[in-house]
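The structure appears below as C-alpha cells.
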Protein chains: 2
Amino acid sequence: MALSHAILVSLTDRAQSGYDLAKRFDQTVGFFWPVSHQQIYQELHKLAKADWVRAETITQADRPNRIVYELTDPGRAALAAWVTEPTTPPSFKEELLVKLFALDSDNRDALLAEIARRRSLHGERLARYEAIMAEHYPNPAALNARKRGRYLGLRMGILTERTTLAWCDEALALVGSAAS
Amino acid sequence: MALSHAILVSLTDRAQSGYDLAKRFDQTVGFFWPVSHQQIYQELHKLAKADWVRAETITQADRPNRIVYELTDPGRAALAAWVTEPTTPPSFKEELLVKLFALDSDNRDALLAEIARRRSLHGERLARYEAIMAEHYPNPAALNARKRGRYLGLRMGILTERTTLAWCDEALALVGSAAS
DNA sequence: CTTACATATGCAATTTCTTGCACAGACAAT
DNA sequence: ATTGTCTGTGCAAGAAATTGCATATGTAAG
C-alpha cells in the first residue's frame, strides 16, 4: 500500500484532484519514483471506496470537471498509524547490474556505451536536484518540520545521484581497462 | 521481464534448479533485490514455455526430485539481445521518505527511532558487503570480465549503503534538532 | 521425542504496476 | 487550418509481485 499512502500524505497539505496529484508527484518523489496518472486514478478510487478520502466533483465553465479529493478522519487516522510502522529498505532492481553480470567480450562495448549514457543521465538529474536545492532550501536548519521532510527527500536524491555518478566512473574505468 | 533475465544470466554460469537459483539470489543480488522462491518457480515455468530454458528432472534416492534448468540457444540469443538494450534507472520507492513528508510533532519521536533503526540495519549490510569484498575481491583490476560484473554489483551495494548511512546521520541531526 | 532447519517444488488468490487506448475542450503557435 | 500542448478523467488487459497455503523427506539439536 505504498502509493496510496503517498497520496494520503500529499492530501494532508490540501485537497487535490488526480491531475493535481500526478503533477505534484512528477515534481517531487516522481524523480525517483515514476507514477503514471492511471495508477493515481485507480488508487483514488480504492481510497474513496475505503472511505479514507472524500470525493467532490467541481464543475467549471469551459473546463473539464475536476474531482477533488480530501482526507477523511478515518483516512487521517490510517495515515498516522502507518507512519509509525517500521519500514523495509527499498529494493533496488538495477537492470544495468544484471547486465554487467553477463559481461563478456561480445557485449563489452555496448555495455560501456550504456554506462556512459547512464552517467550523463544521472549528471542531468543531479544538476536538476541541486538547482532546486539552491533555490528552495538554502538553509535547511531554518525549516519547519513539514519542509524538513521534503528537504530530506531531495537530499537523498542528491546523495544517490552523486553515488551513482561515482559508480559509473568506476565502472567505466574497470570495464574499459584490459582484462588480465 | 527483469527477473526472468536475471535468471537467464545466472543460468549462463551453469544449469540450476529453482532452489539453487533462489539460494544464489539470496547471496548476491538478493541483498538489494529480495526474490521469493515462488516468484522464481513461476518465472522458470514461463521461461520453459517460451523455450528459453530446458527442464530436466533429476531423480535422487532419499531426496526430493530436482528440476534442473539449462539455457537453450534461443534463450542465449534472447539474453544477448536484451543485454544491449538501453536501461532505465531503477525506481527508488523509499517508504521512509514518504513518511518523512508527513513529519510533524506527533510522529517525530517515532520517526527518529525508525531512522535510527534503519541506520543500524544499513550498517550491518555495509559490514557484510565489505567482508565479502575483502575476502573475494582484494584486487579488482586483476579480475576477468565475468567477475568484474559481480564486483561492480557488490561495489554498488557498498556505495549505496554508505550513502544511506550518511543520509541517516543527516536526517537524525536535522529531525532531532529544534525547529526554528 | 519433538522441534527446528535444510532440501525441494508448487497452486491459488490478491495486489500492484504497466501499457495502450479513449474521450473532450482550451489555448497558443505555425 | 492544423498541429501541439495542457487540462482532466477513465477503462481494459496484462505483467509482475506478494502472501498464504500445501506437500514431502532428512538431519541435527535440544
Side-chain angles (χ1 to χ4, degrees), chain A residues 1-8 15-27 29-30 32-50 52-53 55-69 82 87-95 98, chain B residues 1-8 15-27 29-30 32-50 52-53 55-69 78 82 87-93 95 98:
Chain A
M1 272 286 205
L3 176 57
S4 60
H5 288 101
I7 290 174
L8 291 178
Q16 287 165 87
S17 68
Y19 189 84
D20 297 334
L21 285 163
K23 253 184 35 185
R24 218 171 168 211
F25 258 87
D26 264 4
Q27 289 157 12
V29 278
F32 32 87
W33 180 358
V35 177
S36 65
H37 72 270
Q38 287 89 341
Q39 221 183 318
I40 287 176
Y41 287 121
Q42 282 169 17
E43 289 296 334
L44 282 172
H45 289 306
K46 284 183 207 165
L47 288 172
K49 199 182 280 180
W52 285 7
V53 300
E56 194 185 348
T57 304
I58 295 182
T59 312
Q60 297 158 293
D62 297 345
R63 283 267 150 199
N65 289 348
R66 309 174 69 227
I67 303 175
V68 172
Y69 294 87
W82 173 76
T87 60
T88 42
S91 69
F92 180 74
K93 303 179 192 178
E94 174 60 271
E95 259 189 301
V98 178
Chain B
M1 273 284 205
L3 177 57
S4 61
H5 287 102
I7 291 174
L8 292 179
Q16 286 165 87
S17 69
Y19 189 86
D20 296 333
L21 285 162
K23 252 185 36 187
R24 219 172 167 210
F25 258 86
D26 264 5
Q27 289 158 11
V29 278
F32 31 87
W33 181 0
V35 177
S36 65
H37 73 269
Q38 286 89 342
Q39 222 182 318
I40 287 176
Y41 287 122
Q42 281 169 18
E43 288 296 334
L44 282 172
H45 288 306
K46 284 184 209 166
L47 288 172
K49 199 182 281 179
W52 285 8
V53 300
E56 192 185 349
T57 304
I58 295 183
T59 312
Q60 297 158 294
D62 295 348
R63 283 268 150 195
N65 288 349
R66 307 175 71 227
I67 302 175
V68 172
Y69 295 86
W82 173 76
T87 60
T88 41
S91 69
F92 181 74
K93 304 180 192 177
E95 259 189 302
V98 178

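Spacing between atom CH2 of B:W33 and atom C1' of D:dA17 amounts to 11 Å, rounded to whole angstrom units. Whole-Å rounding puts the A:I67 CD1 to D:dG8 P distance at 12 Å. If you take OH of B:Y69 and C1' of C:dT9, they are 9 Å apart, rounded to a whole angstrom. In this structure, B:I40 places its CD1 atom 13 Å from P of C:dG10, rounding to the nearest Å. To the nearest angstrom, P of C:dT16 lies 16 Å from NE2 of A:H45. The distance from atom CZ of B:R24 to atom P of C:dA6 is 20 Å, rounded to the nearest whole Å. As a whole-Å value, the separation of B:E56 CD from C:dT9 P is 13 Å. Between the CG atom of A:L47 and the P atom of C:dT16 there is a distance of 10 Å, rounded to whole Å.
Residue A:Y69 comes nearest to A:A55 through the heavy atom pair CE2-CB, 3.6 Å, listed as atom of the first residue, atom of the second, then distance. Of all the heavy atoms in B:P90 and A:K93, the pair that sits closest is CB-O, 3.5 Å. Between A:Q39 and A:L3, the shortest heavy-atom contact is NE2-CD2, 3.3 Å.
The base of D:dG8 has none of its N or O atoms less than 3.5 Å from a complementary donor or acceptor on the side chain of A:H37. On a pure distance criterion of 3.5 Å, a polar donor-acceptor pair joins the side chain of B:Q38 and the base of C:dG10.
For A:D26 (side chain) and A:K23 (main-chain N/O), no donor-acceptor pair under 3.5 Å exists by modelled atom type.
Listed nucleotides C:dT9, D:dG10, C:dT16 differ in distance to B:R66; the shortest reach to its side chain belongs to C:dT9. The side chain of A:Q42 has C:dC17 as its nearest neighbour among C:dA13, D:dG8, C:dC17. Closest to the side chain of A:K93, out of C:dT18, D:dA17, D:dT9, is D:dA17. Nearest nucleotide to the A:Y19 side chain, out of C:dT19, C:dT9, D:dT7: D:dT7.
In terms of position along DNA chain C, the nucleotide closest to B:K23 lies nearer the 5' end than the nucleotide closest to the other residue of the pair A:S36 and B:K23.
In this pair, B:H5 and B:W82 present their aromatic rings parallel. The plane angle is below 30°, not in the 30 to 60° band.
From one end of the helix from C:dC1-D:dG30 to C:dT30-D:dA1 to the other, with five pairs defining each end axis, the axis direction shifts by 30° (rounded to 10°).
Close to D:dG10, at under 4.0 Å from its OP1 or OP2, lies no side-chain N or O of A:Y41.
Taking CG of A:D20 as the reference point, atom CD1 of A:I67 lies at 12.0 Å (rounded to 0.5 Å). Taken from NZ in A:K46 to NZ in A:K49, the straight-line distance is 9.5 Å, to the nearest 0.5 Å.
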